[in-house]
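Here's the structure we're looking at; comments come further down.
Side chains are part of it too, since the values below use all heavy atoms of this structure and drop only hydrogens, waters and symmetry mates. Because the structure is predicted, anything quoted here is derived from the model rather than measured.
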Amino acid sequence: MPITHSRSVPPIIHPWTMRKTVADGVRPLHTTKVAEQSPGLVNDNKEIKENDKDYREVEQIKADLYQAVQVINRGIFGVPSAKQSEIHGLAELLESQNPTSDPTLNLEKVGGCWKLLYSTITILGSKRTKLGLRDFITLGDFFQNIDVAKGKAVNVINFNVRGLNLLNGQLTIEASFKTASKSRVDINYESSTITPDQLMNMFRKNYDLLLNIFNPDGWLEITYVDDNMRIGRDDSGNIFILERSQESET
């Protein structure tokens, strides 16, 4: 967003000044002073251009990041190393230009509903097989609803089950959080549910495995947040990239 500064420039002055002389007494002298551009204004204009440049760079990085995370299913089943390096490199570029230096002092930017674009949490090998995620259960969207006033975070993971009339269900995990520093929050798991009951029955045997994968206990460092994107890193070394959503999944 372009930034403009308002600064008044000294006007052209046409004063009638009075000069005393010994011979003539007092007589009027007409002088004209031409306004000069303030050095400060030059610097401000330069700053505007630099800020505009930075803004365009951030928007381009975000556009590249959105493109990079397409068709990888949020990274939950792993991504090729080259693709992972690309995503992480773009995330680091954004983090280096974080417009919100103290996120937990500006939690209004963090509150609301967010949709997961990418994370390094993965379900691979035997875990994927045990949870039925190879054959008949498909993962849908991941949402996170943050209630700043209550200090609550609700993670919602959507599932689709083939063969049961396209049954849709949700895993809901509720957690509380407290500010630990200007950029970090401590998170404590509180409860979880799977709905509907048919889906719970399918996961019951491996429910602990499912919770261990998505367990939010620990701390989260908010490394980037603006009006529509957020990046975080947790105590297990995972990275999370989310975009603001207008949906409310609770």
Whether over 12 other heavy atoms sit under 6.0 Å from Lys62 NZ: yes

Non-hydrogen atoms of Ile241 and Ala91 that approach each other most closely: CD1-CB, 4.2 Å

Pair listing, side chain to side chain donor-acceptor pair (under 3.5 Å) test, anchored in residues 64-75, at least two apart: Gln60-Asp64

Gap between atom CH2 of Trp219 and atom OG of Ser181 - 0.5 Å precision: 9.5 Å

Derivation of the side-chain contact (heavy atoms from CB on, under 4.5 Å) call for Trp114 and Ser245: CA-CA 5 Å; Trp114 298 83; Ser245 173; over 6 Å; no

Heavy-atom check, side chain of Leu167 versus side chain of Pro196, under 4.5 Å: yes

Pairs satisfying salt bridge (Lys or Arg N to Asp or Glu O under 4.0 Å), at least one member in residues 103-112, at least two apart: Lys109-Asp227

Leu209 side chain reached by Lys130 side chain, heavy atoms, under 4.5 Å: yes

Min side-chain heavy-atom separation Met200-Thr195 under 4.5 Å: no

Qualifying ring-ring contact (aromatic ring centres under 6.0 Å, His included) pairs, either residue in residues 73-92, two or more places apart: His88-Tyr118

Check: Tyr224 and Asp226 side chains under 4.5 Å, non-hydrogen atoms: yes

Single-linkage hydrophobic cluster, 4.5 Å side-chain cutoff, Ile187 and Leu105 together: no

Pro216 to Asn155 - nearest heavy-atom pair and separation: CB-ND2, 4.3 Å

Whether Thr223 side chain and Ile231 backbone form a donor-acceptor pair below 3.5 Å: yes

Any donor-acceptor N/O pair, Asn212 side chain to Asp208 backbone, under 3.5 Å: yes

Under 3.5 Å: donor-acceptor pair, side chain of Thr122, backbone of Leu124: no

side-chain contact (heavy atoms from CB on, under 4.5 Å) between Val161 and Leu199, intermediate numbers included: CA-CA 8 Å; Val161 184; Leu199 190 61; 3.5 Å; yes

4.5 Å side-chain heavy-atom contact, Met202 and Phe136: yes

Non-hydrogen atoms of Pro103 and Val110 that approach each other most closely: O-CG2, 4.3 Å

Polar side-chain atom of Asn106 near backbone of Thr100 as donor-acceptor pair, under 3.5 Å: no

Any side-chain heavy-atom pair of Leu139 and Asn158 under 4.5 Å: no

Least distance between heavy atoms, Ile123 atom then Lys127 atom: CG2-C, 3.9 Å

pair Leu116-Phe143: side-chain heavy atoms closer than 4.5 Å: no

Side-chain H-bond candidate by donor/acceptor type, Glu243 with Asn228, under 3.5 Å: no

Validation row: Ile87, Ile72 side chains within 4.5 angstrom (heavy atoms): yes

Pairs satisfying ring-ring contact (aromatic ring centres under 6.0 Å, His included), at least one member in residues 172-194, at least two apart: none

Qualifying salt bridge (Lys or Arg N to Asp or Glu O under 4.0 Å) pairs with a residue from residues 91-103, counting only residues at least two apart or across chains: Glu95-Arg233

Minimal non-hydrogen separation, Leu65 against Met229, with atom names: CD2-SD, 3.9 Å

Check against side chain to side chain donor-acceptor pair (under 3.5 Å), Asn160 and Asn168: CA-CA 5 Å; Asn160 176 272; Asn168 295 318; 2.9 Å; yes

Flag if over 12 foreign heavy atoms under 6.0 Å of CG, Asp197: no

Atom NZ of Lys182: over 12 foreign heavy atoms under 6.0 Å: no

Test item: side-chain donor near acceptor, Asn238 and Thr120, under 3.5 Å: yes

Side-chain donor-acceptor contact under 3.5 Å, Tyr207 with Ser192: yes

Pair listing, salt bridge (Lys or Arg N to Asp or Glu O under 4.0 Å) test, anchored in residues 183-194, at least two apart: Lys152-Glu190, Arg184-Glu221

Point-to-point distance, once rounded to the nearest 0.5 Å, from CD1 of Ile222 to OG of Ser183: 7.5 Å

Evaluation steps, side-chain contact (heavy atoms from CB on, under 4.5 Å), between Leu220 and Asp235: CA-CA 7 Å; Leu220 179 74; Asp235 54 325; over 6 Å; no

Distance (rounded to the nearest 0.5 Å) between Gln170 CD and Asp141 CG: 10.5 Å

Verdict with supporting geometry, Lys205 and Leu131, side-chain contact (heavy atoms from CB on, under 4.5 Å): CA-CA 9 Å; Lys205 182 178 179 181; Leu131 293 172; over 6 Å; no

Exam field: side chain Thr172 to backbone Val156, donor-acceptor pair closer than 3.5 Å: no

